[in-house]
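A note on names: the letters A, B, ... follow the listed sequences, proteins ahead of strands, and every chain is numbered from 1.
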2 protein chains.
Amino acid sequence: MLYMCSTRDDDRTARAVIRDEALRLFAERGPDAVTVRQIATAAGVSPGLVVHHFGSKDGLRTEVDQHVLAVFEAMLGQLTGEGGADLLDPQTGSLSEALAQHLPPDSPLPGYLRRLLLSDTDAGRLLFRRLYELSRAALAQLADAGLAAPGRDPDARAAFLLANDLALFLLRDRLTDVLGTDPLSAEGITRWAPEMLSIYAGGLTASPDDTNTPVPPIPDTPRGDPPTA
Amino acid sequence: MLYMCSTRDDDRTARAVIRDEALRLFAERGPDAVTVRQIATAAGVSPGLVVHHFGSKDGLRTEVDQHVLAVFEAMLGQLTGEGGADLLDPQTGSLSEALAQHLPPDSPLPGYLRRLLLSDTDAGRLLFRRLYELSRAALAQLADAGLAAPGRDPDARAAFLLANDLALFLLRDRLTDVLGTDPLSAEGITRWAPEMLSIYAGGLTASPDDTNTPVPPIPDTPRGDPPTA
DNA sequence: ACGTAGGCTGAACAATCGTTTAACATGCTA
DNA sequence: TAGCATGTTAAACGATTGTTCAGCCTACGT
């Protein structure tokens, strides 16, 4: 079964290698910008073999989609299993953080999920809807526990929180550029999380140290106050 | 000068028509997914004319980039001129809202800016950096006015607020899908803004009506409470 | 031992891409 | 009115794309 001419030192099937390399390249440049020949070269096989195993380039893309979604779902199950159901509780961390922390720093998965979420495909829509339902459930649970108000429009509020969480994900490169720190790295989270926590806990007017204490009332004098030291 | 065979009923130069159609198509499907022939057909000209006017497809893309950035910059100038400098004040509305409201509903500009922000190009990085500086300045101004705390890390806080604002923009289609309302439409804003305002004003625990009243302290009993009816 | 199914290759195919070229029509200028 | 720059088209070119095909090599069942 193994007579591959190239020197691949892992025990993965050629099929799996093609899938993994395609995943990596798709995440990096997008499926449309990657050619079958590039995938074949990266996997150390011939272009014909790619089609032979997956029927077509689109078949390969579909299978990578399924694979990524399966891995993501498995990771989601593991996270809700270990950390309880408060995965999306802003107090304990965000979805993006959890994802970044449970993945090797060079994993192509975040990038692929990013493209999937932004792509105008059924898979992307399904993924977002899944996250949305998760966000809704988390908000409802938080509300039940008295840790958050459901808001006037719980659906919109859940969507708002989810969108904010995903923004960190979608704008990761841009934020790294302006902040000088990858917000999804261990170091970046130490910058990001306190601000997020502070705002979610007490709003924009709360000072960072008020995280666990009641929020002072907003002064009635609208502006012109001396800057708060 | 005008002897075009096609029946175009506007007074724009063929060059401008090509640029506008390219802008529309680029925003819709992305520059790489749009062919020169498609642009030419949409503009009612021959493919050769596109290259004749813009040198190459990439030249056209660059010019569309410049044009979009110029229009955006002009709109930014107008907005800060009329509405004062608190354009990014969450109390008065977000950047996304302002952009959506001052543009026809079918304008390709938001879509193009979205792709620009997410594209790995210098133009995209520059645009984001511009918005980031705007956000920093707005936060500093808000802090001076006593309407917001600068936070422990003002740069990170400004980035957080900007990312949240842009999320609405980047995930517009997905949010429309799950909410049933375009969050950037007039109707959608009435759902979105109150939740955003409420959280920014008093945090997650504030009830929507507490916008201008103090926030109640978080109860000490962590969980296991009966669901609050 | 032998045949056969499947992993795999390299060359070739048709289609489509961005771009080039030659030619033509038009308006301005001298 | 002759001439020239400019706007415009149709056809064609080379490169690249996804895909097909014929055939080789190896492993496995009988």
Side-chain angles (χ1 to χ4, degrees), chain A residues 1-67 115 119 121, chain B residues 1-67 115 119 121:
Chain A
M1 188 212 251
L2 304 174
Y3 70 100
M4 7 202 162
C5 60
S6 83
T7 59
R8 227 178 26 247
D9 52 347
D10 55 41
D11 54 349
R12 290 176 299 175
T13 313
R15 196 174 192 279
V17 175
I18 294 173
R19 176 176 34 73
D20 291 348
E21 291 300 314
L23 165 51
R24 187 177 58 85
L25 289 172
F26 285 170
E28 200 172 276
R29 310 173 211 172
D32 293 334
V34 175
T35 70
V36 173
R37 284 171 177 81
Q38 289 170 337
I39 299 172
T41 300
V45 300
S46 71
L49 191 61
V50 175
V51 175
H52 173 255
H53 275 305
F54 300 93
S56 67
K57 181 186 176 181
D58 199 69
L60 170 59
R61 202 197 39 91
T62 302
E63 179 139 339
V64 175
D65 277 0
Q66 299 304 113
H67 180 247
R115 294 208 185 263
S119 75
T121 63
Chain B
M1 192 213 249
L2 302 174
Y3 70 102
M4 6 201 163
C5 62
S6 84
T7 60
R8 228 177 25 248
D9 52 346
D10 54 40
D11 56 348
R12 290 176 299 175
T13 315
R15 195 174 193 280
V17 176
I18 294 173
R19 175 175 37 72
D20 291 348
E21 290 300 317
L23 165 52
R24 188 177 58 84
L25 289 172
F26 285 170
E28 199 173 276
R29 310 174 211 171
D32 293 335
V34 175
T35 71
V36 173
R37 284 172 176 81
Q38 288 170 338
I39 299 172
T41 300
V45 301
S46 69
L49 192 61
V50 175
V51 176
H52 174 256
H53 275 306
F54 300 94
S56 66
K57 181 186 177 181
D58 198 69
L60 171 58
R61 212 221 47 217
T62 301
E63 179 139 338
V64 175
D65 277 1
Q66 300 303 113
H67 180 247
R115 292 206 186 264
S119 76
T121 64

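Between the side chain of B:R19 and the main chain of B:H67, no donor-acceptor pair closer than 3.5 Å is present.
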Exercise. How far apart are the C-alpha atoms of B:R15 and B:E63, what are their side-chain angles, what is the distance that settles it, and do they pass the salt bridge (charged side-chain N to carboxylate O under 4.0 Å, His left out) test?
Worked result: CA-CA 11 Å; B:R15 195 174 193 280; B:E63 179 139 338; 2.6 Å; yes
Exercise. A:T13 and A:V17: side chain to side chain contact (heavy atoms under 4.5 Å, CB included), yes or no, with the steps?
Worked result: CA-CA 6 Å; A:T13 313; A:V17 175; over 6 Å; no
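For DNA chain C, the residues of residues 24-37 of chain B within the heavy-atom distance limit of 4.0 Å (strictly under) are B:V34, B:T35, B:V36, B:R37, sorted by number. Contact check of residues 49-67 of chain B against DNA chain D (heavy atom, cut-off under 4.0 Å) returns B:L49, B:H52, B:H53.
Comparing A:G48 and A:Q38 against DNA chain D, the residue whose closest nucleotide sits nearer the 5' end is A:Q38.
Side-chain atoms of B:D32 and A:D32, non-hydrogen and from C-beta on, never get closer than 4.5 Å to each other. Within the 4.5 Å cutoff, side-chain heavy atoms of B:D20 are placed close to those of B:R12. Looking only at side-chain heavy atoms (C-beta outward), A:Q38 and A:T41 stay at 4.5 Å or farther from each other. The shortest side-chain heavy-atom distance between B:I39 and B:F26 falls under the 4.5 Å cut-off.
Distance CG/A:L60 to CD/A:E21: 11.5 Å, rounded to 0.5 Å.
Atom CZ of A:R12 and atom C1' of C:dG7 are 17 Å apart (whole Å).
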